[in-house]
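Here is the structure we will look at.
Sequence lines set the chain letters: A, B, ... in the order given, protein chains first and strands last, and positions in each chain run from 1. Only a predicted model underlies this, so the values are computations on that prediction, with no experimental measurement involved.
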Number of protein chains: 2
Amino acid sequence: MAEATRPARSQPATLSDVARLAGVSIATASKALNGRSQVRAETRERVIEAAERLAFRPNQVARGLLAGRTGTVGLLTSDLEGRFGIPILMGAEDAFGAGEVAVFLCDARGDAIREQHHVRALLGRRVDGLIVVGSRTDPRPSLGRELPVPVVYAYAPSEDPEDLSIVPDSVGAGRIAIDHLLACGRTRIAHITGDPGYGAARERAEGARAALADAGLALVGEPRFGAWSEGWGRAATAMLLDRHPDVDAVLCGSDQIARGVMDVLRERGHRVPEDVAVMGFDNWRVLTSASRPPLTSVDMNLEQVGRAAAHALFTAIAGTRRSGIETLPCRVVIRGSTVPLS
Amino acid sequence: MAEATRPARSQPATLSDVARLAGVSIATASKALNGRSQVRAETRERVIEAAERLAFRPNQVARGLLAGRTGTVGLLTSDLEGRFGIPILMGAEDAFGAGEVAVFLCDARGDAIREQHHVRALLGRRVDGLIVVGSRTDPRPSLGRELPVPVVYAYAPSEDPEDLSIVPDSVGAGRIAIDHLLACGRTRIAHITGDPGYGAARERAEGARAALADAGLALVGEPRFGAWSEGWGRAATAMLLDRHPDVDAVLCGSDQIARGVMDVLRERGHRVPEDVAVMGFDNWRVLTSASRPPLTSVDMNLEQVGRAAAHALFTAIAGTRRSGIETLPCRVVIRGSTVPLS
DNA sequence: AGCGTCTCAGAAAGCCTTTTCTGTTTCTTT
DNA sequence: AAAGAAACAGAAAAGGCTTTCTGAGACGCT
């Protein structure tokens, strides 16, 4: 807890410091360090050495001012707390960090006013582009077409089809989930899922129904929409077993729901996965590996969504824009809760 | 998926655009917009109107170059995936965003090389300061004393006592947990916790032991260190019940462990909370509210840690540095898994 | 020797603001 | 009406870098 006012730290070295030490002009120093050709090898050497002696790091702020491009992008999340934003953010950060782009993080806390504020602040900082990360897959209002920099929407697509959005393929996710259960020989499959107000819930159910139809089958009962919670998983399973005690698989709208489902199945004497296979969505490690047995789940490849968004923004900054909604495939991660019927 | 190369968007308006439109010099325009006094009210009006017409936003990059301060800070996390980093990050982002500071996010992925790379990149961007967020509470190597900007360490303290670190009070967390269980009238309290390689595990255990000692009591058996998983919670509980079937409370090192503990307690016929009270650490919503009954847990107030770190960095940038490790109190969030003995 | 051609170094402009200083206008005061 | 003071506007420099253009030697050729 010591408290003190220390002398101001020495300023970082500037190019003119380097030039002076090397005994050349600023222009020559710049050219030497940037690999320009108009410098004799010996001179270049001297400059480089001087730069190293002074631990010179070119001031990106000055560079950005000059170049008109700052090498920064804004990452606008609507809700950091939610767990979907994080992997996307990681993917994007990763894709940019590898290049020489730095990422401004802004959390709008789901508030449009705050979002506007952040957009303005980011534009004031002259970011080269923006990524808008939503907290759910339902379309969200566009930031508008008049922005001076390109924007890519990730996870939550923009309502404006002129914008570019990168989203996971929820319908496809439903399909591949069912395909996996069918491959396990299951035919009496029920679907317990979350809030029907979520596009993800509806689309996954739609994909599941389509995949079953392709196999000449149908869900056991209607999809049971409810909440994204273990509690709903438990409640819905109780009702399901009362009506259809012969199900041999339950596709759950989320891993949380799946945990509730598995608890009740076990309590009611149904073995997982022997009697009933259970699958979740989201592939949320804490839940999938902690459950008994470990839970098979559909991974939305969110990190890839983030990476793809970053990449798209990159090419947009370079001048090639795309538009529309692009979907990325999901993948099934198989664990102990689904095995072939013996 | 439409693909097209659109014309470059119009550049944002500059101050000289505004000045020209208002029919004044750049200097006057600047003074008018910044509330400087050397401008006639009528002139100021004209400039402001011109700025609005052009949607002028001052270029923070140019401003930063001139001022020597950029109004940006770097947030260096070692692992975004881990759930402890996020709330800290949110707290910091929140504290800064309210001011006019923008946050660069960098994830080192737990790799020292990558961390160095990011530090260099951030310094090249002339950030005004750095916050280093760790993924666990154990001390970590300092970034060094030679950095040109102040650094604050959050969650994981720096090994160098000259640095300033903000961490949650793990010992105190153990104490208040026990205090709560004692207040519930429990006296035969066991402690099942995680990896003993983690300072957090050891310190919480120490705090728990101290609080019990203050009450003239001791833990039932030794603290049981293991892993931060439900599986370990289950295994340890089984052993515990074999040796000490009469425990009336289990303090768990994490919410995950607590879930495993509760499952086995219930399976073995112990009622929670009537017969045995259960408590966790971390207050991780998904787990605490989904469990049956909802889990009482110690919240580490991580968002506050982030906010405090941001605030400390702020004052350090302003010139007042502190050093040493500062701890922030944790708090007990009471739910259904702990009730007074009747 | 004179000319042209290279090669390399430096001067200077420019990016966008802020700020200081100078200069002009207007007003007050005697 | 003249002198002084005040109020306001603008020129210019600064901040660190890149780039273009100019200039100075060095070299080769006729």
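Here dA7(D) presents its P atom at 14 Å from CZ of Arg44(B), a figure rounded to the nearest Å. Between Arg125(A) atom CZ and dC15(C) atom P there is a gap of 22 Å when expressed in whole angstrom units. Between the CD atom of Glu42(B) and the P atom of dC8(D) there is a distance of 11 Å, given to the nearest Å. In this entry the distance linking CG of Leu54(B) with C1' of dC16(C) reads 15 Å, nearest Å.
Of the possible polar contacts, none joining the Asn34(B) side chain to the Arg36(B) backbone as a donor-acceptor pair under 3.5 Å is found.
Ring orientation note: the planes of Phe96(A) and Phe314(A) are tilted relative to one another, at an angle of 30° to 60°.
Helix-axis bend for the helix from dA1(C)-dT30(D) to dT30(C)-dA1(D): the local axis fitted to the five terminal pairs at one end deviates from that at the other end by 60°, rounded to 10°.
Annotation: of the two residues near DNA chain C, Ala67(A) and Ser25(A), the 5′-most nearest-nucleotide partner is Ser25(A).
The shortest heavy-atom contact between Val18(B) and Val47(B) is CG1-O, 3.8 Å. Among all heavy-atom pairs drawn from Leu54(A) and Ala13(A), the shortest one is O-CB, 3.7 Å.
Checking Ser158(A) against Asp163(A) by side-chain atom types alone, a donor-acceptor pair falls below 3.5 Å. A donor-acceptor pair shorter than 3.5 Å can be found between the side chains of Arg63(A) and Gln60(A).
Every residue meeting the side chain to side chain donor-acceptor pair (under 3.5 Å) condition with Arg136(B), not counting sequence neighbours, appears here in chain and number order: Asp138(B).
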Protein heavy-atom contacts under 4.0 Å, written 5' to 3' over nucleotides 12-25 of chain D as B (base), S (sugar-phosphate only) or - (none), form the string B-BBBBBBB-----

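No more than 12 heavy atoms of other residues, nucleotides or ligands shown are found within 6.0 angstrom of CD on Glu49(A).
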